[in-house]
Amino acid sequence: MKPIFLIAFFCILSCKSQSPIVGLDARMYNTPDGAYYKDLNNELDKFVGTWKFTGNNSEFNMVLGKIEQMEIMNDYRDYLKGEYSYIENGSELVNTLPLNLSSNDNNVGGSYIIDDNNFLSCDDCSPNERRIKLFFKDPERDYLNLNMVIRYMVGSSPEQIQVIIYSRHGGIVPSENSPTTPRVPLGSYLMTKQ
């Protein structure tokens, strides 16, 4: 009985480690369960680091890190994970830093590739340019449905990314006195690598 149990155990381990590998742009409806959405071209790497926006009496800082083969539901993904702070008129409105890649909780994350300029239209994007869609969470207003799209600005020196924070539909506000906007204003931010 023990040899059969050991064979079954090793079969389960080897099956898990041999998940079908697909690119980050593969769509779930075309991919087998247990797939590994891998960053085949290291597209996420250019976003890793500390980024800063300064302007209009505000400062927005974000730190992004990369996790390889993170388990999400029944699949695995290479994944960007982040935290941020936002200061306006000298007052810190939100600070979720520091980034802890080993934590199960984070306020920025994802790795969904956008290669369609019809999604949050981008007038100056090249036809084949790929952007990354992430979720964005205000921890004191987690009932708000927020996303961000990040775009690496090729050829910028120092390195820059464009971040667009936008609201999705479907959030349920707990009460009529609850804030309906995030503490980091919706909109576009040109952030410089620190």
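Because the structure is predicted, anything quoted here is derived from the model rather than measured.
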Let me check something: do [X] and [Y] share a hydrophobic cluster, defined by ILVMFWY side-chain heavy atoms less than 4.5 Å apart, either directly or through other members?
| X | Y | answer |
| --- | --- | --- |
| Ile72 | Ile21 | no |
| Leu80 | Ile67 | no |
| Phe136 | Tyr143 | yes |
| Ile165 | Leu93 | yes |
| Val63 | Val149 | no |

Are side-chain N/O atoms of [X] and [Y] paired as donor and acceptor at under 3.5 Å?
| X | Y | answer |
| --- | --- | --- |
| Ser58 | Asn56 | no |
| Gln160 | Thr192 | yes |
| Gln162 | Ser188 | yes |
| Tyr79 | Asp39 | no |
| Glu159 | Tyr152 | yes |
| Gln194 | Thr50 | no |

**OP:** Might you work through the side chain to side chain contact (heavy atoms under 4.5 Å, CB included) test for Asn95 and Glu83, ending with a clear yes or no?
**Re:** CA-CA 8 Å; Asn95 186 347; Glu83 298 295 346; over 6 Å; no

**OP:** Would you mind telling me which of Arg131, Arg130, Lys38 makes a salt bridge (Lys or Arg N to Asp or Glu O under 4.0 Å) with Asp25?
**Re:**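 Checked Arg131, Arg130, Lys38 against Asp25; only one passes salt bridge (Lys or Arg N to Asp or Glu O under 4.0 Å): Arg130.
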
**OP:** Report the C-alpha distance between Leu44 and Glu68 in whole Å, list the side-chain angles of each, state the deciding distance to 0.1 Å, and finish with yes or no for side chain to side chain contact (heavy atoms under 4.5 Å, CB included).
**Re:** CA-CA 10 Å; Leu44 300 180; Glu68 294 183 356; over 6 Å; no

Original post:
Between Asp105 and Lys81, does at least one N-O distance fall below 4.0 Å, as a salt bridge requires?
Top reply: no

Subject >> Salt-bridge contact Asp138-Arg183 (side-chain N to carboxylate O under 4.0 Å) >> reply: yes

Does atom [atom1] ([X]) have a neighbourhood of more than 12 heavy atoms from anything else shown, all under 6.0 Å?
| X | atom1 | value |
| --- | --- | --- |
| Asn89 | CG | yes |
| Tyr112 | OH | no |
| Asn74 | CG | no |

Subject >> Side-chain heavy atoms of Val108 within contact of Met148, under 4.5 Å >> reply: yes

Subject >> Note, Arg141 side chain near Pro182 side chain (heavy atom, < 4.5 Å) >> reply: no

Subject >> Partner residues of Tyr37 under the ring-ring contact (aromatic ring centres under 6.0 Å, His included) criterion, sequence neighbours left out >> reply: none

Subject >> Heavy-atom pair of closest approach, residues Ser178 and Val173 >> reply: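 Between these two residues, the closest heavy atoms are CB-CG1, 3.4 Å.
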
Subject >> Step-by-step side chain to side chain contact (heavy atoms under 4.5 Å, CB included) determination, Leu64 to Val48 >> reply: CA-CA 5 Å; Leu64 295 171; Val48 172; 5.5 Å; no

Original post:
So, the side chain of Asn57 versus the backbone of Glu88: is there a donor-acceptor pair under 3.5 Å, distance only?
Top reply: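 Absent.
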
Original post:
Between the main-chain N or O of Leu146 and the side-chain N or O of Arg168, is there a donor-acceptor pair closer than 3.5 Å?
Top reply: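 Yes; at least one donor-acceptor contact below 3.5 Å.
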
Subject >> Tyr189 and Phe53 aromatic centres sub-6.0 Å >> reply: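 Yes; Phe53 has its ring centre under 6.0 Å from that of Tyr189.
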
Original post:
Are Lys133 and Asn147 close enough, and set up right, to give a side chain to side chain contact (heavy atoms under 4.5 Å, CB included), and what steps lead you there?
Top reply: CA-CA 7 Å; Lys133 178 181 166 186; Asn147 277 53; 2.7 Å; yes

Original post:
Who are the salt bridge (Lys or Arg N to Asp or Glu O under 4.0 Å) partners of Arg77, not counting sequence neighbours?
Top reply: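 So Arg77 forms no salt bridge (Lys or Arg N to Asp or Glu O under 4.0 Å) with any residue.
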
